[in-house]
> 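Below are the structure tokens for one structure; questions will follow.
Side-chain atoms are counted along with the backbone in the values below, which use heavy atoms only and exclude waters and symmetry mates.
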Protein chains: 2
Amino acid sequence: MADIKSPANPLFLREDELRQGIEMLFFAYRDFTAKADQTLAQFGFGRAHHRVIYFVGRNPGMTVSELLGILHITKQSLSRVLGQLVRQGFITQKPGSTDRRQRLLSLTEKGSELERKLTEEQRALIARAYRSAGADAVDGFRKVLLGMIEEGDRRRFRPSLPR
Amino acid sequence: MADIKSPANPLFLREDELRQGIEMLFFAYRDFTAKADQTLAQFGFGRAHHRVIYFVGRNPGMTVSELLGILHITKQSLSRVLGQLVRQGFITQKPGSTDRRQRLLSLTEKGSELERKLTEEQRALIARAYRSAGADAVDGFRKVLLGMIEEGDRRRFRPSLPR
DNA sequence: ACAAATAAGTCAACATGGCTGACATAAAAT
DNA sequence: ATTTTATGTCAGCCATGTTGACTTATTTGT
């Protein structure tokens, strides 16, 4: 009885379930980035700078090509923000030892400091969500996200060695 | 035995777990938006148009204020894309019946068609991820995302009546 | 009835961060 | 020795965010 709106229509439910997923992703991402954006603005930086700082921090000594492969933007776009970060002393470049064409990227102490500050905010937000959702939910969260990620990038998150 | 790297150090694991969450969110969102962006480009539209079309499609008859409250952008920013969509016949506006200052927004048939096309791609991507992750994982996924969303917007996703 | 608040829109100027295309340099690979 | 690769640079375009100032129509509150 009751339940006028969904009378044995699994298709409708499924459709709505997916739409909710789309929306939640939008809202979560919106709020996920909001705080760090404020902090960045204080430094005259934007979200693009954050991404560069974050990934260089995670992969010290990475090449420009590798970074481009992660960000999926053009080298001209990257060049703008990376140049600023290098000139202002947040990131250093040094030639690769085997291939001297490469410019291996690392954070300076100043860069690390900013990275920590920025990521801490996001970590806190995620930590809160993880804690209130519980360990099983976190497993599910990761499983679903993994399935949304382009095949080639999934290996980054599997228990094997990341590089 | 073995396990040289994580010797009873739950803090390290926790830290890394959170970082992985941050990264997965970045990659998933990157890939989540990529396909629709291509389609939008064929219409001369961008992601901003998509968001407007999406939320108007979900909430026919919504006001401009409500839309602004969801998108968290200024009315000037919205005005640009909304104006284009109205002028090109994707969205209609009609005065509110009780408050005639309002311009209630709805998709036209043309707008619905585009909305369906765009959302279908994203729905397919999420559907695939949901299917491969399983029902329990989906529950967890939603639970965690919910926890990341600004308190005020969470009610949109709770089983009660959405408005 | 009138003043104040609200919903919506507009104009102008500016910043960020994508993009393309063309071209340059140094080092590695063939 | 030639070609390919890694990186960088200049110039210009576009989409989409921002602030600030101001307008119009309508509703609300005293």
Side-chain angles (χ1 to χ4, degrees), chain A residues 26 29-30 33-34 36-56 61-88 91-106, chain B residues 26 29-30 33-34 36-56 61-88 91-106:
Chain A
F26 163 76
Y29 202 77
R30 184 198 68 179
T33 49
D37 284 352
Q38 280 181 262
T39 306
L40 286 157
Q42 295 168 2
F43 286 79
F45 290 150
R47 211 174 283 183
H49 300 85
H50 188 180
R51 292 195 279 255
V52 170
I53 286 180
Y54 178 83
F55 284 109
V56 171
M62 80 189 306
T63 68
V64 172
S65 294
E66 285 167 349
L67 185 51
L68 285 173
I70 286 177
L71 298 178
H72 283 190
I73 60 177
T74 60
K75 66 176 174 178
Q76 294 93 326
S77 292
L78 173 58
S79 167
R80 203 157 27 197
V81 292
L82 183 55
Q84 290 172 36
L85 291 169
V86 169
R87 278 194 302 277
Q88 296 182 34
I91 286 184
T92 50
Q93 297 173 305
K94 76 165 197 184
S97 51
T98 71
D99 184 339
R100 285 176 339 222
R101 289 171 304 180
Q102 301 174 334
R103 311 288 174 86
L104 307 185
L105 306 171
S106 306
Chain B
F26 164 77
Y29 202 76
R30 184 198 69 179
T33 49
D37 284 352
Q38 280 182 261
T39 306
L40 286 158
Q42 295 168 1
F43 285 78
F45 291 149
R47 215 175 278 183
H49 300 85
H50 189 180
R51 292 195 279 255
V52 170
I53 286 181
Y54 178 84
F55 283 109
V56 171
M62 80 190 305
T63 68
V64 172
S65 293
E66 286 167 348
L67 186 51
L68 285 173
I70 287 176
L71 298 178
H72 283 191
I73 60 176
T74 61
K75 65 177 173 176
Q76 294 93 324
S77 292
L78 174 58
S79 167
R80 202 158 26 198
V81 292
L82 183 54
Q84 291 172 34
L85 290 170
V86 169
R87 280 194 301 278
Q88 297 181 35
I91 286 184
T92 50
Q93 296 173 304
K94 74 165 199 183
S97 50
T98 72
D99 185 340
R100 282 176 340 221
R101 288 172 303 182
Q102 301 175 332
R103 309 289 172 87
L104 309 185
L105 307 172
S106 305

> A/His49 NE2 to D/dG17 P: how many Å, rounded?
19 Å
> Without decimals, in angstroms, what is the distance between B/Arg80 CZ and C/dA13 P?
14 Å
> Would you indicate, yes or no, if C/dA7 has its OP1 or OP2 atom less than 4.0 angstrom from a side-chain nitrogen or oxygen of B/Thr63?
no
> May I ask you to test the B/Phe55-A/Phe26 pair for a side-chain heavy-atom distance under 4.5 Å?
yes
> Starting at the 5' end of DNA chain C, which residue's closest nucleotide do you reach first, B/Lys75 or A/Ala48?
B/Lys75
> Check every atom of D/dT9, D/dG12, C/dA8 against the side chain of A/Ser79 and return the nucleotide holding the closest atom.
D/dT9
> If you go through the side-chain atoms of A/Arg47, does one of them form a donor-acceptor pair with the base of C/dG17 closer than 3.5 Å?
no
> Are there any protein N/O atoms within less than 3.5 Å of an N/O atom in nucleotides 27-30 of chain C, and if so, which ones and at what distance?
unit_1, atom_1, unit_2, atom_2, d
C/dA28, OP1, A/Thr98, O, 3.3
C/dA28, OP1, A/Arg100, N, 3.3

> Of the nucleotides D/dA6, C/dA8, D/dG17, which one has an atom closest to the side chain of A/Gln102?
D/dA6
> Just by distance, do the side chain of A/Arg51 and the backbone of A/Ile70 share a donor-acceptor pair under 3.5 Å?
no
> Compare the minimum distances between each of D/dT7, D/dT16, C/dC19 and the side chain of A/Ile73, then state the nucleotide with the smallest one.
C/dC19
> Need to verify one output field. Residue with the more 5' nearest nucleotide on DNA chain D, A/Leu82 or B/Gly96?
A/Leu82
> Could you tell me the separation between the CD atom of B/Gln84 and the C1' atom of C/dG9, rounded to a whole number of Å?
15 Å
> Tell me which nucleotide among C/dG18, D/dG8, D/dA6 gets nearest to the side chain of A/Ser65.
D/dA6
> Can you tell me whether the side chain of A/Gln76 and the base of D/dG12 have a donor-acceptor pair closer than 3.5 Å?
no
> Measure from the side chain of A/Ser77, starting at C-beta and using heavy atoms only, and say which of D/dT16, C/dA8, C/dG18 lies closest.
C/dG18
